[in-house]
Amino acid sequence: MSESYLIPAAELLIEEEIKHSRFISCVFHCGSAVEFKRELSQLKIKYPGANHYCYAFVAGAPSDSINIGSSDDGEPSGSAGRPMLASLQGSNIGEIGAVVIRYFGGTKLGVGGLVRAYSLGLKKGLPLLETQLKQIRYPGLLVCGYHQLKDVEHLFSQLDVVIEEKVFSDNICIQFAIPKCFKKDLNQELATMSQGQLIAVFKST
C-alpha cells in the first residue's frame with residue numbers, strides 16, 4: 001500500500017451545454033459511501049427538477065476496488081456512471097465523488113454521445129481540481145505516566161502523530177494514528193526517552 005495519496009481539497013463545478021441539454025459536473029471529497037449519499041442529497045436540493053443525477057465515487061485510496069459505486073440514474077445502461085467512474089479511477093485521486101446533473105434539452109444524444117457528455121466535465125475538471133496529500137496512518141496505543149505526557153506529546157508532534165483519544169486513570173492511555181514511515185522510529189525514540197519503559201502497541205490493520 002502507498003504511504004500517501006492525493007484527495008480533493010475543495011469542491012469543483014463545471015457547467016456546460018451540449019445540444020441544448022445542461023450538464024453540471026460536481027466533484028468533491030468523499031471519505032465514505034455514507035458521506036457521498038449525503039452530498040448527493042444536498043445536490044438534489046440545490047439543483048431541483050433535473051432529469052438525471054448520475055454519479056460515481058471512489059471512497060478510499062485511488063486503487064480501492066471495494067469502496068466504489070456508480071449510477072446511470074435512468075440513462076441507458078453504461079452511458080454515464082461507468083464512464084464517470086473510469087475517469088475518477090484514472091485520475092489517481094482518492095476519496096473522490098462526482099455527480100453530473102442533467103437538465104434535458106429535447107435532443108437525444110445516443111449512448112456514445114452520452115458517454116462523451118458525462119465524461120467531458122470530469123475530463124476538463126479533474127486536472128484543475130485542488131488536491132492535498134493524505135498520509136496513510138496506522139492506529140496504535142500507548143500507556144504512559146502523567147510525568148511522561150509532555151515528552152510523549154512533543155515526540156508525537158515531531159513524528160506527525162495524530163492523538164485520537166486520551167483516557168486518564170492511574171496512567172494515561174493514548175490512542176493515536178501514525179504515518180507508516182514513522183512506525184519503526186516511534187518505539188526507538190520512546191525507548192531512548194524513557195530508558196526502555198515505554199512501548200507503543202500497534203493495532204492490526
Side-chain angles (χ1 to χ4, degrees), residues 1-19 21-47 50-104 108-139 162 177 179-181 204-205:
M1 180 187 286
S2 172
E3 294 184 8
S4 61
Y5 56 85
L6 293 174
I7 63 173
E11 294 184 3
L12 183 73
L13 194 70
I14 299 284
E15 186 170 343
E16 52 206 339
E17 186 176 306
I18 301 173
K19 293 187 177 180
S21 281
R22 181 185 174 200
F23 288 86
I24 306 166
S25 301
C26 310
V27 183
F28 47 87
H29 178 256
C30 162
S32 68
V34 172
E35 188 179 330
F36 175 81
K37 289 176 182 177
R38 187 164 55 242
E39 185 66 28
L40 176 62
S41 297
Q42 291 299 313
L43 287 170
K44 287 182 177 180
I45 294 170
K46 187 176 180 180
Y47 298 98
N51 299 88
H52 304 281
Y53 301 86
C54 301
Y55 67 76
F57 66 86
V58 179
S63 58
D64 194 332
S65 59
I66 298 174
N67 298 304
I68 62 175
S70 65
S71 171
D72 298 313
D73 192 34
E75 294 282 31
S77 179
S79 66
R82 277 191 292 178
M84 289 170 61
L85 181 59
S87 294
L88 296 186
Q89 290 175 317
S91 71
N92 206 32
I93 300 171
E95 299 183 17
I96 185 170
V99 177
V100 178
I101 300 155
R102 183 189 186 190
Y103 289 91
F104 182 55
K108 293 186 177 181
L109 301 181
V111 173
L114 288 171
V115 170
R116 287 189 293 274
Y118 278 102
S119 301
L120 186 60
L122 299 188
K123 287 179 180 177
K124 286 182 178 179
L126 286 170
L128 306 175
L129 182 66
E130 184 182 341
T131 58
Q132 63 189 32
L133 197 64
K134 176 174 179 173
Q135 291 280 355
I136 306 300
R137 287 185 165 86
Y138 292 82
V162 174
K180 179 182 176 181
C181 57
S204 58
T205 55

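Just the heavy atoms: all of them, side chains too, but no hydrogens, waters or symmetry mates, feed the values below.
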| task | Could you grab the distance from atom CG of L129 to atom CD1 of I96, nearest 0.5 Å is fine? | result | 5.5 Å
| message | Donor-acceptor check, side chain of D73 to backbone of H52, threshold 3.5 angstrom: yes or no? | response | no
| Non-hydrogen atoms of Y5 and E95 that approach each other most closely | OH-OE2, 2.7 Å
| Residues which pass side-chain contact (heavy atoms from CB on, under 4.5 Å) with K37, listed by chain and number, not counting sequence neighbours | none
| field | Pairing residues for E11 by the side-chain contact (heavy atoms from CB on, under 4.5 Å) criterion, not counting sequence neighbours | value | F28, E39
| query | Do you know the tightest heavy-atom contact between P8 and G94? | reply | CD-O, 3.3 Å
| request: Carefully, step by step, assess E16 and K124 under the rule salt bridge (Lys or Arg N to Asp or Glu O under 4.0 Å). | output: CA-CA 11 Å; E16 52 206 339; K124 286 182 178 179; 3.2 Å; yes
| query | Which heavy atom of C30 sits nearest a heavy atom of F57, and at what distance? | reply | SG-CB, 4.0 Å
| request: State, with a plain yes or no, whether a side-chain heavy atom of Q89 is found less than 4.5 Å away from one of I68. | output: yes
| said: If I compare all heavy atoms of L126 with all of S87, which pair ends up nearest, and what's the gap? | reply: CD1-O, 3.6 Å
| message | Please check this pair: side chain of D72 against backbone of A80, looking for a donor-acceptor N/O pair closer than 3.5 Å. | response | yes
| Least distance between heavy atoms, A117 atom then L109 atom | CB-CD1, 4.0 Å
| Measuring from L6:CG to E130:CD, what's the distance to the nearest 0.5 Å? | 12.0 Å
| message | Against P83, only a single residue in V115, L114, V100 fulfils side-chain contact (heavy atoms from CB on, under 4.5 Å); can you say which? | response | V115
| query | Has N92 got more than 12 heavy atoms of other residues, nucleotides or ligands less than 6.0 Å from its CG? | reply | no
| Close aromatic pair by centroid cut-off 6.0 Å: Y103 and F23 | no
| task | With rounding to the nearest 0.5 Å, note down the distance linking CE in M84 to OH in Y55. | result | 10.0 Å
| Quick one: CZ on F36 to NE2 on H29, what's the gap to the nearest 0.5 Å? | 13.5 Å
| query | Short question: side chain of S91, backbone of L88 - any donor-acceptor pair under 3.5 Å? | reply | yes
| S70: what forms a side-chain contact (heavy atoms from CB on, under 4.5 Å) with it, not counting sequence neighbours? | A56, R82, L85
| said: Minimum heavy-atom separation for Y53 and I101, please, with both atom names. | reply: CD2-CG1, 3.8 Å
| message | Let me confirm one number: the OG-CZ distance from S4 to R137, rounded to the nearest 0.5 Å. | response | 10.5 Å
| message | What's the separation between atom CD1 in I7 and atom CG in L133, rounded to the nearest 0.5 Å? | response | 8.5 Å
| query | Looking at side-chain heavy atoms only, is the closest gap between E15 and R22 below 4.5 Å? | reply | yes
| request: Please examine the side chains of C54 and E75, heavy atoms only from C-beta on, and report whether any two atoms are closer than 4.5 Å. | output: yes
| query | Going through the checks in order, is the side-chain contact (heavy atoms from CB on, under 4.5 Å) test met by V27 and L122? | reply | CA-CA 8 Å; V27 183; L122 299 188; 3.7 Å; yes
